Amino acid sequence: MASVSLREIYKKYPGGVIAVSDFNIEIKDKEFIILVGPSGCGKSTTLRMIAGLEEISEGELYIGDRLVNDIAPKDRDIAMVFQNYALYPHMTVFENMAFGLKLRKVPKDEIARKVEEAARILDISHLLDRKPKALSGGQRQRVALGRAIVREPQVFLLDEPLSNLDAKLRAQMRTEISKLHKKLGTTFIYVTHDQTEAMTMGDRIVVMKDGYIQQIDSPTNLYQNPVNQFVAGFIGSPQMNFIDSKLVKIDGKYTVEFGSEDTKTTRGKKYYVEIPESKADPEVLEPLVNQEIVMGVRPECLHDEEMFIANAKTGVIDATVEVTEMMGAETYLYINCEGIPLTARVSPRSTARPQDEIQIAIDPNRIHIFDKETEKSLIN
């Protein structure tokens, strides 16, 4: 088993294209790390540099205590599982899983033992004589994982391994891979663009954008304390609502003001959300009084129940329901308030229907404040 250390790693392509910039992370032995971000953010390139499939332009990469920049992929003691499984169609499952060991001249009886053990762990023992074309997508993915397991590598690298599976199978395989990580006690580095996968599987998550690390943190901390607007919007489903606002002081209390009151036509309305004292840090907020800010509020912090609306001192808004989505255990309301589109995640008992005029209470204890210019988080 091994730790992995990436120190000031860059990937530069001819023509001045920089795919990864100043990537720094210390991955502990046996840790499950997830690289997540939109397409083109550099996460797969980073994984391929760890694997040795891409050359590192600058920086140092250590696996364990060994500098591996110039070491061939086959000698790095890592195993990679790809999105497209990369199985040999003319070989059986057993032969696919045994192939890497055969190349290493491992004795036949040891190959058989390792393949059968991996097949048992992955529940594919009954498939060992089949060819890949006779397998479902989920079964092929297990074979690809099995081929990696038999090599007993120090580090597993997984590049969007579940993206070709249907939703039900993806959820099932997420659980299987998490169990597999605990069983094997090996370092896992996993790339995905699916933030649900990231939130449910990783010990720590690396959020990337445009080749740069935005934040490295536990799933809970990323969700509750995002460092900027990008992380706040990327982590969480449905994503956080962002409202262009202004910070004002009313009766000495820091308050968020938004809406579009038009004094000439009496159309439109201004709304106010008082920032609780526990959140209101004068050092941070005082310089921003009468300045534009962005308020972030997650869909589950918008309430349509009468109890919340009756008890709210501020932050009750009028909205028009545009679309409702019944999700079984909850309902998503897509609403519009003064031209601002918002998503509320409410109880399945909600009676709101499209075109209804409703009231929504914003939970002031759960709001986030972002700097309008830098998009950095000021209050979480």
Side-chain angles (χ1 to χ4, degrees), residues 195 199 207 214-215 219-248 250 253-260 268-281 284-285 288 291-325 327 330-347 350 352 357-372 374-380:
Q195 53 91 23
M199 291 293 284
V207 182
Q214 302 294 304
Q215 188 171 354
T220 307
N221 267 342
L222 278 179
Y223 194 76
Q224 294 176 351
N225 304 302
V227 296
N228 59 31
Q229 213 172 310
F230 172 78
V231 175
F234 192 80
I235 298 293
S237 179
Q239 77 158 48
M240 184 183 282
N241 298 293
F242 296 113
I243 303 172
D244 287 332
S245 315
K246 188 177 178 183
L247 186 69
V248 295
I250 298 175
K253 300 281 178 74
Y254 295 106
T255 303
V256 178
E257 173 192 278
F258 64 95
S260 58
K269 200 167 179 182
K270 280 265 169 73
Y271 294 103
Y272 299 90
V273 180
E274 189 182 295
I275 300 173
E277 277 185 29
S278 58
K279 275 182 176 283
D281 181 347
V284 174
L285 295 180
L288 293 167
Q291 303 288 318
E292 289 189 352
I293 55 164
V294 174
M295 177 172 71
V297 56
R298 294 212 178 269
E300 63 269 27
C301 306
L302 298 177
H303 303 285
D304 69 342
E305 289 102 325
E306 190 54 49
M307 177 184 73
F308 284 99
I309 293 164
N311 290 328
K313 293 194 187 85
T314 63
V316 175
I317 62 173
D318 301 312
T320 306
V321 179
E322 295 185 331
V323 177
T324 62
E325 285 182 354
M327 307 299 285
E330 58 199 4
T331 295
Y332 298 162
L333 302 181
Y334 297 92
I335 59 178
N336 194 295
C337 168
E338 295 299 310
I340 304 162
L342 300 169
T343 306
R345 188 180 193 164
V346 299
S347 159
S350 172
E357 300 288 331
I358 63 169
Q359 284 195 308
I360 290 280
I362 297 172
D363 184 347
N365 296 297
R366 306 278 296 282
I367 62 170
H368 302 256
I369 306 287
F370 301 95
D371 187 291
K372 176 88 170 169
T374 66
E375 297 192 355
K376 281 187 179 165
S377 180
L378 301 170
I379 284 179
N380 282 321

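Quick caveat: nothing in here was measured; it's all calculated off a predicted structure.
- In terms of modelled atom types and a separation under 3.5 Å, the side chain of Glu338 and the main chain of Lys269 share a donor-acceptor contact.
- Side-chain contact check for Thr320 and Glu357: at least one donor-acceptor pair (N or O, by modelled atom type) lies under 3.5 Å.
- The pair Asp244-Lys372 meets the salt-bridge criterion, with a side-chain N (NZ, NE, NH1 or NH2) lying under 4.0 Å from an Asp/Glu carboxylate O.
- Using a 30° and 60° split on the angle between ring planes, His368 and Phe370 fall in the parallel class, below 30°.
- In this structure, Tyr272 has its ring center no closer than 6.0 Å to that of Phe258.
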So His303 and Ile309, side chain to side chain contact (heavy atoms under 4.5 Å, CB included) or not? Walk me through it.
CA-CA 8 Å; His303 303 285; Ile309 293 164; over 6 Å; no
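- Of the residues listed (Val323, Ile358, Thr343, Leu302), the one engaging Leu333 in a side chain to side chain contact (heavy atoms under 4.5 Å, CB included) is Ile358, and it is the only one.
- Remark: side-chain polar atoms of Arg298 are paired, donor with acceptor, to backbone N or O of Tyr223 under 3.5 angstrom.
- Residues Tyr332 and Met327 are in side-chain contact: their nearest non-hydrogen atoms beyond the backbone lie under 4.5 Å apart.
- If you take CD on Glu325 and CZ on Arg345, they are separated by 12.0 Å, rounding to the nearest 0.5 Å.
- A salt bridge between Lys246 and Glu292 is absent, with no side-chain N of the basic residue lying under 4.0 Å from a carboxylate O of the acidic one.
- Using a 4.5 Å heavy-atom threshold, the side chains of Ile335 and Ile360 count as touching.
- The main-chain N or O of Ser347 is never found under 3.5 Å from a side-chain atom of Glu330 such that the two would form a donor-acceptor pair.
- Side-chain contact of Tyr271 with Glu257: a donor-acceptor pair under 3.5 Å is absent, judged by distance alone.
- In this structure, the side chains of Ile367 and Val273 come closer than 4.5 Å at one or more pairs of heavy atoms.
- Looking only at distances, no side-chain donor or acceptor of Ser278 sits under 3.5 Å from a matching main-chain atom of Pro276.
- Here the CD-CD1 distance, from Glu277 to Ile275, works out to 11.5 Å after rounding to the nearest 0.5 Å.
- With hydrogens and angles disregarded, no donor-acceptor distance shorter than 3.5 Å links the side chain of Asn241 to the backbone of Leu342.
- Between the side chain of Ser237 and the backbone N or O of Gln239, no donor-acceptor pair lies under 3.5 Å.
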